[in-house]
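Have a look at the structure below before the remarks.
Since this is a predicted model, take the numbers as computed values, not measurements. Throughout, numbering of the chain's residues begins at 1 and tracks the sequence.
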Amino acid sequence: MTVDTIGEADRTIEIEADADERRRLAARFALVAIDTLTARFAVRRDERGILAVGTVAADVVQACSVTGDPLAATVDEAVSLRFVEEIAADEEIELSDDALDTLPIEDGAIDLGEAAAETMALALDPFPRAPGAEEALRAAGVVGEGEAGPFGALAGLKAKLGG
């Protein structure tokens, strides 16, 4: 969306990724599938750039980080973004209490589709686990945090001694 089409009044923009876009995003974010990806933004210009506030919703299938089993996940994420002109790498930015995630305005346009895709990816559990993941870890000899280290070893010894 080009910034010259954005005024000071809210403009509602709705996005829905088609099947090809969802397939490419699933590959990009290492997901089994993205069944739906939609976003709704209220977009307007303000004194500091372009403000986009709304929601991103998605139904995805992730792979369990332990077993590889498919896991359904749902995203319903509120999002507040500010698109700004490029800032020099050495320029200092002072953040205020109402600081928003900031994205660049590139070639006079903002990319709400990319913003929705990144929001979806960041909202997902980076290490999803299927119901049988703990058993699979134990069978592979992986111990949990509580069982690792010297106190975990002592707990195991105590159990063997009947304490």
Side-chain angles (χ1 to χ4, degrees), residues 1-134 136-137 140 142 144-145:
M1 158 181 261
T2 59
V3 295
D4 60 0
T5 64
I6 302 169
E8 292 182 8
D10 280 351
R11 177 177 171 192
T12 300
I13 306 294
E14 294 184 12
I15 298 170
E16 182 171 356
D18 65 28
D20 186 54
E21 291 166 329
R22 293 191 316 268
R23 180 188 52 74
R24 286 182 295 160
L25 288 170
R28 176 179 162 193
F29 295 120
L31 299 170
V32 175
I34 300 175
D35 297 325
T36 63
L37 173 58
T38 61
R40 182 181 176 106
F41 295 100
V43 180
R44 68 178 165 84
R45 181 181 301 273
D46 72 6
E47 66 279 354
R48 293 179 276 172
I50 305 297
L51 185 63
V53 177
T55 58
V56 173
D59 293 306
V60 306
V61 179
Q62 295 180 275
C64 171
S65 61
V66 175
T67 65
D69 293 342
L71 293 170
T74 300
V75 171
D76 187 10
E77 191 76 12
V79 60
S80 296
L81 306 168
R82 182 174 315 282
F83 291 86
V84 297
E85 295 296 335
E86 284 296 320
I87 299 169
D90 61 346
E91 185 176 339
E92 195 169 307
I93 301 172
E94 188 171 321
L95 298 177
S96 63
D97 289 340
D98 64 340
L100 305 175
D101 287 338
T102 304
L103 299 169
I105 296 172
E106 295 177 346
D107 298 324
I110 62 172
D111 191 343
L112 293 172
E114 179 62 19
E118 289 178 9
T119 298
M120 175 206 63
L122 290 170
L124 292 170
D125 182 347
F127 302 104
R129 290 199 174 176
E134 293 304 318
L137 286 171
V142 177
E145 285 183 35

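The structure places CZ of Arg23 at 14.0 Å from CZ of Arg28, a figure rounded to the nearest 0.5 Å. In this structure, the separation between CZ on Arg82 and CG on Asp101 is 11.0 Å, given to the nearest 0.5 Å. Atom CG in Asp59 sits 9.5 Å away from atom CG in Asp76 (nearest 0.5 Å).
Residue Val3 forms a side-chain contact (heavy atoms from CB on, under 4.5 Å) with just one option from Val43, Ile110, Asp107, and that option is Ile110.
Nearest heavy-atom pair, Leu112 versus Ala52, reported as atom, atom and distance to 0.1 Å: CD2-CB, 4.0 Å. Nearest approach of Leu51 to Val53, heavy atoms of both residues: CG-CG2, 4.0 Å. Among all heavy-atom pairs drawn from Ile15 and Gly113, the shortest one is CD1-N, 3.7 Å. Taking all atoms of both residues into account, the shortest heavy-atom contact from Ala115 to Phe83 is CB-CZ, 4.3 Å. Ala63 and Val32 make their closest contact through N-CG2, 3.9 Å (heavy atoms, listed as atom of the first residue, atom of the second, distance). The heavy-atom pair separating Asp111 from Glu114 by the smallest distance is OD1-N, 3.0 Å.
Within the 4.5 Å cutoff, the side chain of Arg11 has heavy atoms near those of the Thr5 side chain. The shortest side-chain heavy-atom distance between Met1 and Ile50 does not fall under the 4.5 Å cut-off.
Scanning for side chain to side chain contact (heavy atoms under 4.5 Å, CB included) contacts around Ala42 gives Asp10, with sequence neighbours left out. In terms of the side chain to side chain contact (heavy atoms under 4.5 Å, CB included) criterion, residue partners of Ala73 (sequence neighbours excluded) are, by chain and number, Val60, Gln62, Leu124. For Ala17, the side chain to side chain contact (heavy atoms under 4.5 Å, CB included) partners are Glu21, Arg22, Leu37, not counting sequence neighbours.
Counting heavy-atom neighbours within 6.0 Å of Arg40 CZ, excluding the residue itself, gives a total of 12 or less. Surrounding CD of Glu16 are at most 12 heavy atoms belonging to other residues, nucleotides or ligands under 6.0 Å away.
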Practice problem: Give the intermediate values and the outcome of side-chain contact (heavy atoms from CB on, under 4.5 Å) for residues Leu103 and Glu118. | Solution: CA-CA 11 Å; Leu103 299 169; Glu118 289 178 9; 4.3 Å; yes
